[in-house]
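One structure is given here, and the rest of the page talks about it.
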2 protein chains.
Amino acid sequence: MVAAGAQPGPRRRGRRPGGSDTRGQLLEAARVEFAERGYEGATVRRIADRAGVDAAMVNHWFGGKEALFTASLDIPIDPVELLADILPGDPEKIGERVVERFLTVWDATGGGPLAAMIQSIASHDAAARMMREFIGNVLVGRIVAAVSPDQHELRAGLCGAQVFGMGMVRYVLKFEPLASADHATLVAAVAPSIQRYLTGPLP
Amino acid sequence: MVAAGAQPGPRRRGRRPGGSDTRGQLLEAARVEFAERGYEGATVRRIADRAGVDAAMVNHWFGGKEALFTASLDIPIDPVELLADILPGDPEKIGERVVERFLTVWDATGGGPLAAMIQSIASHDAAARMMREFIGNVLVGRIVAAVSPDQHELRAGLCGAQVFGMGMVRYVLKFEPLASADHATLVAAVAPSIQRYLTGPLP
DNA sequence: GTCTATACAACGATAGAC
DNA sequence: GTCTATCGTTGTATAGAC
């Protein structure tokens with residue numbers, strides 16, 4: 001579609017006076033768009049639109065769509081807050097806190113971002129690599145480092161698989177009654193598995 | 001639609017054998033392409049090419065790409081074979097057989113189809129609905145119907161979540177060492193959870 | 001003046017619709 | 001088969017910083 005006659009704001013060409021943070025605004029817009037639409041669904045033009053700049057700025061500042069994507073994944077969520085909520089307390093009940101916490105986070109967002117993230121992971125190796133490193137080194141990695149006696153990486157993978165699967169079935173597949181079950185039911189059902197993956201005996 | 005070539009000889013009674021089955025060939029081609037490339041990755045032209053017909057046939061027979069997609073999902077895999085391999089034997093060891101069986105299936109395909117399926121589920125409501133019904137009514141549904149004492153749907157969802165998550169982390173995310181772990185290790189680690197979801201006590 | 005940030009235009013590719 | 005829309009990308013002119 002051609003630009004409509006009513007322009008929302010004729011953007012001037014040339015360098016902006018003052019400190020314009022185009023790069024930062026592109027990053028912010030990219031996080032939203034990638035989260036909402038996945039890697040394929042998000043378009044460079046739309047991200048640039050949201051940032052209020054031209055699409056060419058993506059190439060200028062990042063080199064392309066993929067580079068923008070990886071750059072935007074630097075801090076998807078705040079791990080400090082998450083870990084501060086999970087780690088303190090009885091180590092024998094950390095499985096319950098993990099399940100409860102992820103349910104709370106995903107319930108709030110409605111599952112859209114989770115579906116977008118899964119879609120990105122499944123369709124783009126770069127996204128899979130990013131998420132893999134993020135889960136292993138930051139999210140689950142720090143949990144197992146804090147509470148697991150051995151085999152930290154394997155435990156992290158098992159724990160991630162259980163949490164990921166629960167999110168997928170509940171929020172993406174929307175499989176009933178799991179999709180509508182309350183937190184207490186799911187915590188009681190799933191937490192023992194998480195607890196065993198984290199602190200229980202492993203082969 | 002073009003009929004088979006005019007053949008010399010006496011006129012046959014009844015339905016003519018070898019009539020062109022454009023619709024069926026499109027379905028078959030669509031299953032392969034959708035499985036290999038996901039919904040977005042598969043193109044109407046390529047499916048039609050594989051079927052040996054013109055792309056316009058997709059519109060003619062199905063009405064569009066999405067309708068072809070849903071139609072192609074009718075029978076993704078053969079559930080009879082799967083269940084015949086899992087159900088017989090000690091009910092207390094069915095968890096082990098479930099894990100072993102899915103690992104074998106997915107190891108053989110290398111995870112590509114799984115990634116494509118996950119991508120389709122995450123990006124298309126129609127795919128999610130299809131898979132939900134397929135899992136609930138056919139795959140896991142028959143397992144819980146055979147071995148679970150109660151709460152069949154919840155148990156099916158929990159079981160599906162664990163299996164799905166394991167496949168996602170192992171084949172799509174490729175999270176080590178889980179991605180390279182042998183079957184025995186994963187069966188020993190995951191089967192107890194599956195077993196509890198299927199036959200154990202639930203809240 | 002030089003350099004950099006910016007917007008605009010247009011290109012080649014591709015996919016879906018008609 | 002053709003048409004149209006849209007994608008990511010690139011080239012280029014311009015406005016302002018230094």
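Because the structure is predicted, anything quoted here is derived from the model rather than measured.
- An end-to-end axis angle of 10° holds for the helix from C/dG1-D/dC18 to C/dC18-D/dG1, taken from five base pairs per end and rounded to 10°.
- With hydrogens and angles disregarded, no donor-acceptor distance shorter than 3.5 Å links the side chain of A/Arg45 to the backbone of A/Ala55.
- Between the side chains of A/Gln195 and A/Thr199, a donor-acceptor pair is found at a separation under 3.5 Å.
- We find that CG of A/Asp21 is positioned 14 Å from C1' of C/dT6, with the value rounded to whole Å.
- Counting to the nearest Å, the P atom of C/dC8 and the NE2 atom of A/His60 are 16 Å from each other.
- Residues B/Thr104 and B/Asp85 have side chains not in contact (no heavy-atom distance under 4.5 Å, counting atoms from C-beta outward).
- For the OP1/OP2 pair of C/dG16 and a distance below 4.0 Å, the side-chain nitrogens and oxygens of B/Thr43 include no atom meeting the criterion.
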Close N or O pairs between protein and nucleotides 9-11 of chain D (under 3.5 Å):
{"residue": "D/dT9", "atom": "OP2", "partner": "A/Lys65", "partner atom": "N", "Å": "3.1"}
{"residue": "D/dT10", "atom": "OP2", "partner": "A/Asn59", "partner atom": "ND2", "Å": "2.9"}

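- Residue B/Met57 contributes atom CE, which lies 16 Å from atom C1' of C/dG16 at whole-angstrom precision.
- Within the 3.5 Å criterion, the main-chain N or O of B/Ala161 finds no donor-acceptor partner in the side chain of A/Arg170.
- Of the possible donor and acceptor atoms, one in the side chain of A/Arg155 sits under 3.5 Å from a partner among the backbone N and O of A/Asp150.
- Computed from coordinates, the A/Asp49 CG to D/dC7 C1' distance equals 14 Å when rounded to whole Å.
- Side-chain contact between A/Val140 and B/Phe175: absent, with no pair of heavy atoms (C-beta onward) separated by less than 4.5 Å.
- Checking each of B/Met57, B/Lys65, B/Glu33 against B/Val44 for a side chain to side chain contact (heavy atoms under 4.5 Å, CB included) leaves exactly one that passes, namely B/Lys65.
- Protein atom CH2 of A/Trp61 is 11 Å distant from nucleotide atom P of C/dT4, rounded to whole Å.
- As a whole-Å value, the separation of B/Arg46 CZ from C/dA13 P is 18 Å.
- Side-chain contact between B/Val163 and B/Trp106: present, with at least one pair of heavy atoms (C-beta onward) separated by less than 4.5 Å.
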